[in-house]
Amino acid sequence: MATGTEPPDTQPHPRGGGVHSPARAAIAAPHLRTDRWWLAPAATAAGLFAFVVYSTWRAFANADYYAAPYVSPFYSPCLAQNCRTMHAGPNADLFGSWWAISPAIIILIFPLGFRLTCYYYRKAYYRGFWASPPACAVAEPHKKYTGETRFPLILQNVHRYFFYAAILVAGVLTYDTVLSFRDQHYRWGHMGLGTLVFLVNIALIWTYTISCHSCRHIVGGQLKHFSKHPVRYRAWRFVGRLNAHHMLLAWLSLASVALADFYVYLVASGVFDDPRFF
């Protein structure tokens, strides 16, 4: 609202779209921040890029992903005929012999799809890779912003469906964790260092998965009276508390799943034997 005390606008408005449109403040400088604002998006881009490089290498390696009783989370469940035989493991020959490349490519689509469409990861790679925007109060380089209303970003709206797939994958990884309480001869009642790695990983996978915004909506959405649904209300409150730590859980679970795969790789490739606690 004008008060009549503002100084006259003598600076010409820059031409163009986006933040340089006539409707925006005419500030010639790209931003007025004096801190190292670029560190956060740079660190995010480096972390995500490192995981992409590592997971791509392991997914296409098609080797050293099973060392009884451990199976890499990148290869579980194994849905092709060319999978390693895993005693009582998650083998399901659904794709037959025609699938010639690594079986990890089949299953990784679902957890990666869940993470790529996750609300936190969107923020992370939008800022880290697309500079949209790179940081708060820093202008993005794009002339216009259409949000997630056009292809390809409109595909982000399938996040809730990837959530259902992620629940199934987490269930299979839970089964793998139970199987890790065996020794290399498949006898029950044993625990190794790999078992501990798998326990930490599945705990982080589940907490990250159920802290998702879609899970929070599924649990407590479309309720007009929480008092009439006390169980769903308590579940909604629990998921809400987890959701407050969604960013931390996203990074921890990303690191833990890579660590679990790397541990199986080291044992399967003969770098060292799995230490046994009992």
Side-chain angles (χ1 to χ4, degrees), residues 37-52 54-55 73-74 107-138 140 145 147-148 152-174 177 197-223 226 229 231-261:
W37 59 266
W38 49 269
L39 280 178
T44 297
L48 294 178
F49 180 74
F51 180 81
V52 168
Y54 174 79
S55 59
F74 287 0
I107 196 60
L108 279 179
I109 295 173
F110 301 103
L112 287 180
F114 176 62
R115 288 183 181 264
L116 283 174
T117 57
C118 164
Y119 288 101
Y120 166 69
Y121 279 112
R122 295 186 207 182
K123 170 188 171 182
Y125 62 76
Y126 281 9
R127 290 189 173 190
F129 292 99
W130 293 352
S132 181
C136 292
V138 178
E140 58 182 82
Y145 176 73
E148 296 170 349
L153 296 185
I154 195 173
L155 297 179
Q156 300 282 25
N157 296 313
V158 301
H159 178 60
R160 68 178 60 191
Y161 302 107
F162 276 118
F163 168 75
Y164 301 137
I167 288 290
L168 296 177
V169 173
V172 174
L173 296 184
T174 303
T177 304
V197 171
F198 273 48
L199 283 171
V200 172
N201 178 56
I202 196 58
L204 291 172
I205 290 292
W206 272 115
T207 50
Y208 164 67
T209 302
I210 65 176
S211 68
C212 150
H213 296 76
S214 291
C215 180
R216 190 167 183 259
H217 176 73
I218 291 170
V219 170
Q222 298 182 344
L223 291 181
F226 277 125
H229 305 273
V231 176
R232 290 185 64 183
Y233 175 66
R234 284 194 291 270
W236 178 78
R237 288 284 302 272
F238 174 72
V239 174
R241 286 192 292 269
L242 286 178
N243 182 259
H245 306 286
H246 197 51
M247 179 184 73
L248 177 62
L249 292 170
W251 281 106
L252 290 179
S253 60
L254 193 71
S256 71
V257 73
L259 176 62
D261 171 81

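Since the structure is predicted, the reported quantities are computational estimates derived from the model, not experimental observations. Scope of the values below: all heavy atoms of this structure, side chains included, with no hydrogens, waters or symmetry mates.
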Engineer: Do the non-hydrogen side-chain atoms of Y120 and N243 ever get within less than 4.5 Å of each other?
Structural biologist: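 SC-SC contact between Y120 and N243 ruled out.
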Engineer: Using a 4.5 Å cut-off on heavy atoms from C-beta on, say whether the side chain of T44 contacts that of W251.
Structural biologist: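 Heavy-atom side-chain distance check passes, below 4.5 Å.
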Engineer: Is there a side-chain contact between L254 and L48 (heavy atoms, below 4.5 Å)?
Structural biologist: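 Yes, at least one pair of side-chain atoms sits under 4.5 Å.
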Engineer: Hey, are the side chains of H213 and C118 touching, using non-hydrogen atoms and a 4.5 Å cut-off?
Structural biologist: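 Side chain of H213 against side chain of C118, heavy atoms only: no contact under 4.5 Å found.
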Engineer: Please list, one pair per line, the donor and acceptor atoms closer than 3.5 Å that link side chains of residues 202-211 to other protein atoms, with sequence neighbours excluded.
Structural biologist:
{"from": "W206", "atom 1": "NE1", "to": "T174", "atom 2": "OG1", "distance (Å)": "2.7"}
{"from": "T207", "atom 1": "OG1", "to": "A203", "atom 2": "O", "distance (Å)": "2.9"}
{"from": "T207", "atom 1": "OG1", "to": "L204", "atom 2": "O", "distance (Å)": "3.1"}
{"from": "T209", "atom 1": "OG1", "to": "I205", "atom 2": "O", "distance (Å)": "2.6"}
{"from": "S211", "atom 1": "OG", "to": "T207", "atom 2": "O", "distance (Å)": "3.0"}
{"from": "S211", "atom 1": "OG", "to": "Y208", "atom 2": "O", "distance (Å)": "2.9"}
{"from": "S211", "atom 1": "OG", "to": "H246", "atom 2": "ND1", "distance (Å)": "2.6"}

Engineer: Which value, rounded to the nearest 0.5 Å, describes the distance between E148 atom CD and Y126 atom OH?
Structural biologist: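 The CD atom of E148 sits 3.5 Å away from the OH atom of Y126.
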Engineer: Mind listing the closest non-hydrogen atom pair of A135 and W37 along with its distance?
Structural biologist: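 For A135 and W37, the tightest heavy-atom pair comes out as CB-CE3, 3.7 Å.
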Engineer: Are the side chain of R232 and the backbone of V219 linked by a donor-acceptor contact shorter than 3.5 Å?
Structural biologist: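 Yes, R232 side chain to V219 backbone: donor-acceptor pair under 3.5 Å.
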Engineer: Give me the atom names and distance for the closest heavy-atom approach of R122 to L116.
Structural biologist: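 Result for this residue pair: CG-O, 4.0 Å.
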Engineer: Would you give the length of the straight line joining atom SG of C215 to atom CZ of F238, rounded to the nearest 0.5 angstrom?
Structural biologist: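 Going from the SG atom of C215 to the CZ atom of F238 covers 9.5 Å.
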Engineer: Has the side chain of R216 got a donor or acceptor atom that lies under 3.5 Å from a matching backbone atom of R237?
Structural biologist: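 Not a single qualifying donor-acceptor pair exists.
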Engineer: So which heavy atom on A250 is nearest to which on Y121, and how close?
Structural biologist: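 Taking A250 first and Y121 second, the nearest heavy atoms are O-OH, 2.8 Å.
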Engineer: Would you give the length of the straight line joining atom SG of C212 to atom OH of Y119, rounded to the nearest 0.5 angstrom?
Structural biologist: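 If we round to the nearest 0.5 Å, C212:SG and Y119:OH are 7.5 Å apart.
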Engineer: More than 12 foreign heavy atoms under 6.0 Å from OH of Y125: is that the case here?
Structural biologist: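 Yes.
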Engineer: Which heavy atom in G220 sits nearest to a heavy atom in W236, and how many Å separate them?
Structural biologist: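 Scanning both residues, the minimum pair turns out to be CA-CD1, 3.7 Å.
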Engineer: How far does CD of Q156 sit from CG of L153, to the nearest 0.5 angstrom?
Structural biologist: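 The distance works out to 6.0 Å.
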Engineer: Enter the distance from I167:CD1 to F110:CZ here, rounded to the nearest 0.5 Å.
Structural biologist: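 Between I167 CD1 and F110 CZ, I get 14.5 Å after rounding to 0.5 Å.
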Engineer: Would you name the heavy atoms of G128 and A45 that are closest together and state the gap between them?
Structural biologist: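 Closest approach of G128 to A45: O-CB, 3.6 Å.
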Engineer: Can you list every side chain to side chain donor-acceptor pair (under 3.5 Å) pair that touches residues 158-173, not counting sequence neighbours?
Structural biologist: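 Found T117-H159.
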Engineer: Is atom CZ of F49 surrounded by more than 12 heavy atoms (other residues, nucleotides or ligands) closer than 6.0 Å?
Structural biologist: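 Counting neighbours around CZ of F49, 12 or fewer heavy atoms of other residues, nucleotides or ligands fall under 6.0 Å, so no.
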Engineer: Could you state the interatomic distance from CD1 (I107) to CZ (F74), rounded to the nearest 0.5 Å?
Structural biologist: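 One gets 12.5 Å once the value is rounded to the nearest 0.5 Å.
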Engineer: Any chance you could lay out the ring pair (Phe, Tyr, Trp, His ring centres under 6.0 Å) test for F226 and Y233, step after step, and finish with the verdict?
Structural biologist: CA-CA 6 Å; F226 277 125; Y233 175 66; 4.9 Å; yes
Engineer: Would you call H245 and L242 a side-chain contact if the rule is heavy atoms closer than 4.5 Å?
Structural biologist: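 Not touching, per the 4.5 Å side-chain cut-off.
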